[in-house]
Every structure is written in C-alpha cells, then in structure tokens.
Amino acid sequence: MKITVAPGDGIGPEIMDVVLDVFRAARVPLEFDLVAMGKDVALAGDRTGISPEARASVEETGVLFKGPMETPKGGGHKSVNVTARKLWGAFANKRVYRMLPGVPSPLGLTELDLTMVRENIEDTYGAVEHMQTHDVAQCRRFITRPGSEQVHRYTFEMAARKGARRVTCAHKANIMKLTDGLFLETFYEVAKEYPHLKADDVIVDALAMKLVTEPNSFDVIVMPNFQGDILTDLAAGLVGGLAYAPSANIGESVCIFEAVHGTAPDIVGMDKANPTALLLSGTMMLRHLELVEHAQLIEGALERTLDQMNHREDISEFVSDFRTSIFRYLMLEQLRAGRVDRRRTDVQAPRLPRRSEPRMLVSPTPGATSLRGVDVFLESPLTPDAVAHQLTGLSDELRLTMISNRGTQVWPTGSTFTDCVNHYRVRFEGDRAVSQQVLVTLLAQVAECFPLCSAEWLREVDGKPAYSLAQGQA
Ligand code: NAI
C-alpha cells in the first residue's frame, strides 16, 4: 500500500525522518511516495505550494502524511496546509487529546480523553477578503447547510464508534445568528439520527473557560473552523503543549494526517524538535488504514519512551534519546508480540471514487427563498443624515430603512457617540418580494450618488427574513 509523504518546512524534515525510521523499524507495510509541498514550491512559482507530482500522487493514493508548512503573515502565498485540506475536500479536522505518561499537564491533569472536530473548509477560512475602501477590509464568512451536515454527521459517527457519551457543539450563535445559527441548527438536526448520544451545545467563550476548569466533563466537541483553530490549541496546552497534539483531516476521498503544530522556526536544526505529535498523527493514519496492530505497537513503545524521559527539564538531547529509546522498545515489543512484520501485509489501499468533475453538495430539503431588498455598501465621508438625504426616494418599490456603520445603526436613529468610518451599509427593503432587476436598477441609481463597495441581496428563507439586524436596530 502506497501513501504520499510531504516532509514540509522548518522542523518538518527532521521530525518526518524520525517518524519514518520508526515506521520502518515497526515493519509498517507501507510504501512512501515522497513529494515536494510547501514554501519552496510556492517560492519557485507555484503559489499553491503543491507541486504537480504531489497533486498527482495524493489523488492516486488518497492518503497524505505531511509535516508542517510555513505561511507568511500579512502577504505572500496562501497557507499550503489550508489549500490542501480544501482542495481535496478533507472537511473534518479530528484532534485527539490524551495525557501521555511522563508528560506533565500545566494544570496538573492526570487524565483526559477529549476529541475535538473542527470544520475544515468553510468559515473565515474561506479567506475571501477584500479592501472595501482604503480604511476598511472585509472578510466574508461562509457557513453552508451541506458543509455543516457533513462535519456533524462525521462527528456523530465517530463519537458512536468511540463509545462517547456526549457530543457538544461549540458556537457563537447568540451573536452570529445566521452563520453560527445554521451550524447549530444543523447539529441538532443530525443529532436526531443518534438518539443514544447526548447532544448539547455551549457558547465558545464559555467553552474556553470550561476547558480549563472542567476539561473532563467534555467528550467530543465539534466547532466551526476559526473557533476550532483557537480552541484546539488551548486543548493542546492541557496535555503538555503542541508537541503532543496529533490530527487527522478526514475527507470522503482524501485524508491528510499532520501534527497540530507549525514549522517551529525558532528551533530548526537544533535537535530540539519533538516528533511525538507527528508520530501520533502517523498512528492515527495507521488505524485509518486498518494497520491497528502496528499503531498499537508504536503507541506502546512511544508511551514507554516518554515515561522513561519523565520530567526531563533539558530537552536538547531529545531527538537522539527519542530515536535510541524508541527503537529499543520497538525491538522488545516486536520480539514479545512476534512476527509483526508478517501480519496484515495483505492490506489493500482503499479504492478512491474517481470523479470527472467536482461534486455538488445540495441540501436534502431545499427551502423557498424570495428577494426582499438589498444592503448596499458604499464609501462616503459624509454624515449618516447627509447620506440618507441623497438616497431617499430613489425607488417606488424599495424604501431606505436603515443605515449602519461598522454594524451599528446610525440612521434613522443612532448616537452621536458612535464613531464612524468612511464605509456605510445602506439598507433598502420592499413591502413585498421584488425582482433581481429592481435591485440592479437601484444599485445603478445609488452608484450615481456614491462609490459602491459591494452589495448583498436581502432574502426571505422559508417565509422568514434571513438577514441580520444592525446593532441598535429596533
Ligand atoms: P509553531 O507551532 O510552529 O510554534 C509555536 C511554539 O511551539 C514555538 O516555540 C515552537 O518552537 C514550539 N514547537 C512547535 N512544535 C514543536 C515541536 N514539535 N517540538 C518542540 N517545540 C515545538 O507555531 P508558529 O510559530 O505560530 O508558526 C510557525 C509557522 O508554522 C508559521 O508559518 C505558521 O503559519 C505555520 N503553521 C503551520 C501549520 C501546519 O502546517 N499545519 C500549523 C500551524 C502553524
């Protein structure tokens, strides 16, 4: 069975080298197709950071085992890690947090068995960003019904297999009522199919506190992408740090296994990089490939190794100790278990469903939608009253109903203490459904008065207004 291996950037090649050595010593029956992905590929001109050979290999094997890859801050190429997850539809990022022997928790925890699932494709990680004016940047946040359903169904299936008692959805639906609201609504819809599992929800900021004060009260937690990004690192802190946090990116066709941590530029080449998280991501991959005995063998050896290194303050010799120690235990384990190398070598790689074009995810119960108006985003240094004055009476079918600035209503009522920037949202609504042509005509009229930044249609979905009120709007 062949898998694709991309060592990555920074400490990636160092830790991948150790992990592949461990796999070979454990006689893992895998062939490794080593490919180039990451910063060097991006700098050489392919801004995806994924070489054509890497793409072809992953689409053939369906399994990518990768080291961390660098993403420049502010500008430069987009994250290769995020591109890989989105390109190959790895929609659920599963992260497992367990206490390991000899690895102290900063909170003094002695046990923890927590699984977090982070939605992997949508949210602000869509990274659809635009400068709207010189002073105003905007990021669009997409949460979709089919995408949420996909990650929730995976979570419940995985929780049922794990024998979990509780599945919790973390969200911010009290503030982001439509986006996080949809994620939460879909969670409870899918939960109905799993009546034997307790399903509940928690607001994400309260979860941050509870993960510190009562982490063992949770079992499986599912979250939108960005909130999951932050809280999964918090959970890594509970079990001793990023070096002990493995992850699997699960898709229907392609799965990607990688450590949670990044390229650790501060310790590259210093023999200080801890390969544990990558090794545990590797054993998650072995289990996924049904190489369970090999995964158990390596995990057992790893636990003994970490236990032996208990409370070591100076980790400068960590890597060399890690190699020798784990190899010794692997040898002992293999002798005890006997003939591991001849077990399950007949495993076949799962056949990937071939596709001639991307699949369309559609909601099983598409609801009725109608157009009720438009939010126009425009640039202006004028006061709210002056903007309203120019835009009143433009259309017979649509009335100017509200103007907001940075999400806070400033017209028809507002506070003189609300500071404004040169970017307004101007809302036009009709008393009945309108055609797209009416909205387009209105946009052209507004454009004669002000520079337009963007526009959003206002819709009713299933007979209810499906757009947010401004802060302070009655
Ligand atoms: P980081 O995870 O690379 O480092 C944070 C701290 O943890 C550093 O002090 C580092 O030395 C330490 N650390 C991380 N992994 C370690 C290990 N295995 N052994 C010992 N110490 C370890 O996060 P940072 O500095 O924010 O990001 C560096 C780069 O990595 C950035 O370009 C970032 O975009 C990228 N990154 C890539 C990820 C991926 O490939 N999935 C995930 C997170 C960040």
Side-chain angles (χ1 to χ4, degrees), residues 5-19 22 35-43 48-50 54 64-88 90 93-95 100 103-104 106 116 118 120-121 125 127 225-226 228-250 255-282 284-285 302 305-306 309 312-323 326:
V5 177
D9 304 322
I11 61 169
E14 296 171 38
I15 54 176
M16 186 61 83
D17 189 39
V18 175
V19 170
V22 170
V35 297
M37 274 177 70
K39 182 180 72 169
D40 291 342
V41 176
L43 292 180
T48 64
I50 302 173
L64 171 63
F65 188 34
K66 68 177 277 295
M69 292 168 194
E70 189 179 313
T71 312
K73 296 185 190 113
H77 64 270
K78 290 186 98 137
S79 164
V80 182
N81 313 297
V82 176
T83 300
R85 294 168 199 161
K86 290 161 77 85
L87 188 68
W88 290 311
N93 183 215
K94 175 186 173 191
R95 298 181 174 187
L100 289 163
V103 182
M116 287 180 154
R118 167 185 169 193
N120 231 4
I121 309 266
Y125 267 71
N225 202 337
F226 188 44
D229 181 31
I230 296 164
L231 288 190
T232 49
D233 269 24
L234 188 153
L238 298 177
V239 296
L242 284 172
Y244 302 101
S247 89
N249 301 282
I250 306 293
C255 292
I256 304 170
F257 299 85
E258 61 180 337
V260 168
H261 64 72
T263 58
D266 50 333
I267 57 168
V268 176
M270 295 166 72
D271 232 16
K272 287 184 177 176
N274 186 338
T276 303
L278 187 64
L279 186 57
L280 288 174
S281 309
M284 283 172 95
M285 176 180 71
L302 173 70
T305 307
L306 292 172
M309 301 170 94
R312 179 176 291 241
E313 298 272 306
D314 175 12
I315 62 159
S316 55
E317 290 170 36
F318 190 85
V319 172
S320 51
D321 278 1
F322 188 95
R323 278 177 191 275
I326 199 160

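Remember, it's 1-based here, ligands and their atoms both numbered in the order they're listed. As a basis for the values below, the full set of heavy atoms in this structure was taken, side chains included, without hydrogen atoms, waters or symmetry mates. From a predicted model like this one, the values you see are computed outputs, not experimental measurements.
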Engineer: Enumerate the atoms of ligand 1 whose separation from the nearest heavy atom of Ile11 is less than 4.0 angstrom.
Structural biologist: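 Here the atoms of ligand 1 in question are 17 (C), 18 (N).
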
Engineer: Using heavy-atom distances only, which candidate in Gly8, Ala259, Ala264, Gly38 approaches atom 13 (N) of ligand 1 most closely?
Structural biologist: Ala264

Engineer: Select the closest option to atom 42 (C) of ligand 1 among Leu278, Asn81, Val260, judged by heavy-atom distance.
Structural biologist: Val260

Engineer: Just going by heavy-atom distances, which of Met69, His261, Arg85 is nearest to atom 35 (C) of ligand 1?
Structural biologist: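 Nearest option to atom 35 (C) of ligand 1, by heavy atoms: Met69.
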
Engineer: Between atom CG of Asn225 and atom CD1 of Ile230, what is the distance when rounded to the nearest 0.5 Å?
Structural biologist: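 It is 10.5 Å, given to the nearest 0.5 Å.
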
Engineer: Does any part of the side chain of Val80, heavy atoms only, come nearer than 4.5 Å to the side chain of Ile50, both counted from C-beta?
Structural biologist: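 They are in contact (side-chain heavy atoms under 4.5 Å apart), so the answer is yes.
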
Engineer: Report, in ascending order of atom number, the atoms of ligand 1 lying under 4.0 Å from any heavy atom of Pro265.
Structural biologist: 28 (C)

Engineer: Do Thr263 and Lys39 come close enough that some side-chain heavy atom pair is under 4.5 Å?
Structural biologist: no

Engineer: Using heavy-atom distances only, which candidate in Thr71, Thr276, Ile267, Asp266 approaches atom 10 (C) of ligand 1 most closely?
Structural biologist: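 The residue whose heavy atom sits nearest atom 10 (C) of ligand 1 is Asp266.
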
Engineer: Assess Arg118 against Tyr125: is NZ or CZ under 6.0 Å from the centre of the six-membered ring, and within 45 degrees of the ring's axis?
Structural biologist: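 Yes, Arg118 and Tyr125 form such a contact.
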
Engineer: Report the part of Met270 (side chain from C-beta onward, or backbone N, CA, C, O) that has a heavy atom under 4.0 Å from ligand 1; answer both or neither where that applies.
Structural biologist: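 Met270 to ligand 1: no contact under 4.0 Å from either part.
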
Engineer: I need the atoms of ligand 1 closer than 4.0 Å to a non-hydrogen atom of Leu242, numbered in the order shown.
Structural biologist: 2 (O)

Engineer: Tell me, do Leu100 and Val239 make a side-chain contact under 4.5 Å, heavy atoms counted?
Structural biologist: no

Engineer: A side-chain contact here means heavy atoms from C-beta on lying under 4.5 Å apart; do Pro68 and His261 qualify?
Structural biologist: yes

Engineer: Between ligand 1 and Ala273, can you find any atom pair, the residue atom being a heavy atom, that is separated by under 4.0 Å?
Structural biologist: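 Checking ligand 1 against Ala273, which is what was asked, there is a heavy-atom contact under 4.0 Å.
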
Engineer: Is the shortest heavy-atom distance from the side chain of Tyr244 to the side chain of Leu280 under 4.5 Å?
Structural biologist: no

Engineer: As a check for students: among Asn274, Thr263, Asn249, identify the option with a heavy atom nearest to atom 29 (C) of ligand 1.
Structural biologist: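 Closest candidate by heavy-atom distance is Thr263.
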
Engineer: Check contact between Lys66 and ligand 1, using heavy atoms of the residue and a distance below 4.0 angstrom.
Structural biologist: yes

Engineer: Under 4.0 Å from a heavy atom of Glu258: which atoms of ligand 1 are those, numbered in the order shown and with their elements?
Structural biologist: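 In order of number, 41 (N).
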
Engineer: Could you tell me whether the side chain of Glu258 reaches within less than 4.5 Å of the side chain of Ser281, counting heavy atoms only?
Structural biologist: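 SC-SC contact between Ser281 and Glu258 ruled out.
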
